[in-house]
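Working notes, structure below.
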Amino acid sequence: MDKPPHRLPVFLNLAQIRFPIGAIASIAHRVSGVLLFIALPVLAALLHASLRSEADFASVRGLLSSPLSLVVAGVLAWALAHHVLTGIRHLLMDVGIGSELERARASARLILVAAPALALLLLVWGLS
């Protein structure tokens, strides 16, 4: 009985792999879900702290007025927009709407463009 040849693990260079557009949207959906999951307790703690007293409200407001918090708010606005839009896309595809290859690719492209635009609108609306 011959032994099958021993195969060594293959190094996958992720920078060279070309993902389909649907895979990129799906991976970003997972990343946005993780970001929202991590941010939820932090945002709840900030809300709780801001409701304790006027001094705590002022300290939370000062914390949220920094430039870094604007970047974090932008990332979270993108995560929310992308997660909601991609979730709706997946639900529609589950019932057979837009599950054809070309329509699925088009909806993935649309979401990858619409989510940052919607996040920008949310930021502008929130800052005004």
Side-chain angles (χ1 to χ4, degrees):
M1 216 175 189
D2 289 333
K3 251 168 116 177
H6 183 69
R7 295 192 64 186
L8 295 175
V10 177
F11 173 71
L12 296 177
N13 187 351
L14 295 179
Q16 292 179 345
I17 295 175
R18 207 174 137 99
F19 289 106
I21 194 77
I24 294 169
S26 184
I27 291 167
H29 179 71
R30 290 179 175 97
V31 168
S32 65
V34 169
L35 288 175
L36 292 172
F37 179 77
I38 292 170
L40 189 60
V42 175
L43 294 174
L46 286 172
L47 177 64
H48 176 69
S50 72
L51 295 174
R52 258 186 293 196
S53 69
E54 287 185 38
D56 288 340
F57 176 79
S59 67
V60 169
R61 188 173 183 188
L63 177 71
L64 294 179
S65 64
S66 71
L68 178 62
S69 65
L70 183 63
V71 171
V72 170
V75 169
L76 290 178
W78 167 81
L80 180 62
H82 185 83
H83 200 73
V84 168
L85 292 175
T86 310
I88 292 169
R89 174 181 177 259
H90 283 299
L91 286 173
L92 290 173
M93 289 176 72
D94 285 344
V95 296
I97 300 171
S99 58
E100 302 84 22
L101 185 58
E102 282 309 311
R103 287 189 178 191
R105 287 178 178 163
S107 66
R109 280 187 207 100
L110 178 66
I111 286 172
L112 290 174
V113 171
L118 187 57
L120 187 62
L121 285 173
L122 285 172
L123 275 180
V124 169
W125 177 66
L127 292 175
S128 61

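Heavy atoms only: backbone and side chains are in, while hydrogens, waters and symmetry mates are out.
Listed by chain and number, the residues in a side-chain contact (heavy atoms from CB on, under 4.5 Å) with Ser65 amount to none (sequence neighbours excluded). Ala49 meets the side-chain contact (heavy atoms from CB on, under 4.5 Å) test with Arg52, Val60; sequence neighbours excluded. For Thr86, the side-chain hydrogen bond (donor to acceptor under 3.5 Å, both in side chains) partners at least two apart in sequence or on another chain are His82. Ala39 pairs by the side-chain contact (heavy atoms from CB on, under 4.5 Å) definition with Leu43, Leu76, not counting sequence neighbours. Under the ring-ring contact (aromatic ring centres under 6.0 Å, His included) criterion, His83 pairs with His29, not counting sequence neighbours. For the side-chain hydrogen bond (donor to acceptor under 3.5 Å, both in side chains) test, residues two or more places apart in sequence or in another chain that qualify with Arg105 are Glu102.
A pairwise comparison of heavy atoms in Ala115 and Ala81 identifies O-CB, 3.7 Å as the closest pair. Heavy atoms only, all atoms of each residue included: Ala28 and Trp78 are closest at O-CH2, 3.9 Å.
Distance CZ/Arg61 to OG/Ser69: 12.0 Å, rounded to 0.5 Å. In this structure, Ser99 OG and Arg89 CZ are separated by 10.5 Å, a value rounded to the nearest 0.5 Å.
Applying the under-4.5 Å side-chain rule to Ile, Leu, Val, Met, Phe, Trp and Tyr, the cluster around Leu91 consists of that residue alone. Cluster partners of Leu47, by chain and number: Leu51. The rule joins Ile, Leu, Val, Met, Phe, Trp and Tyr whenever side-chain heavy atoms lie under 4.5 Å apart. Clustering of Ile, Leu, Val, Met, Phe, Trp and Tyr side chains at separations under 4.5 Å places Ile88 together with Leu36, Leu80, Val84, Leu92, Val95, Ile97. As a member of the Ile/Leu/Val/Met/Phe/Trp/Tyr network built from side-chain separations under 4.5 Å, Leu40 groups with nothing else and remains a singleton.
Put simply, Val75 and Val31 are part of the same group of oily side chains (I, L, V, M, F, W, Y) that touch within less than 4.5 Å, one to the next. Residues Val42 and Leu63 share a single hydrophobic cluster, defined by chaining ILVMFWY side chains whose heavy atoms lie under 4.5 Å apart.
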Using atom types as modelled, flag every donor-acceptor pair under 3.5 Å from a side chain in residues 118-128 to any protein atom, sequence neighbours excluded.
from   : atom 1 : to     : atom 2 : distance (Å)
Ser128 : OG     : Val124 : O      : 3.4
Ser128 : OG     : Trp125 : O      : 3.0

Donor-acceptor list for residues 19-26 side chains, cut-off 3.5 Å, not counting sequence neighbours:
from  : atom 1 : to    : atom 2 : distance (Å)
Ser26 : OG     : Arg30 : NH1    : 2.9

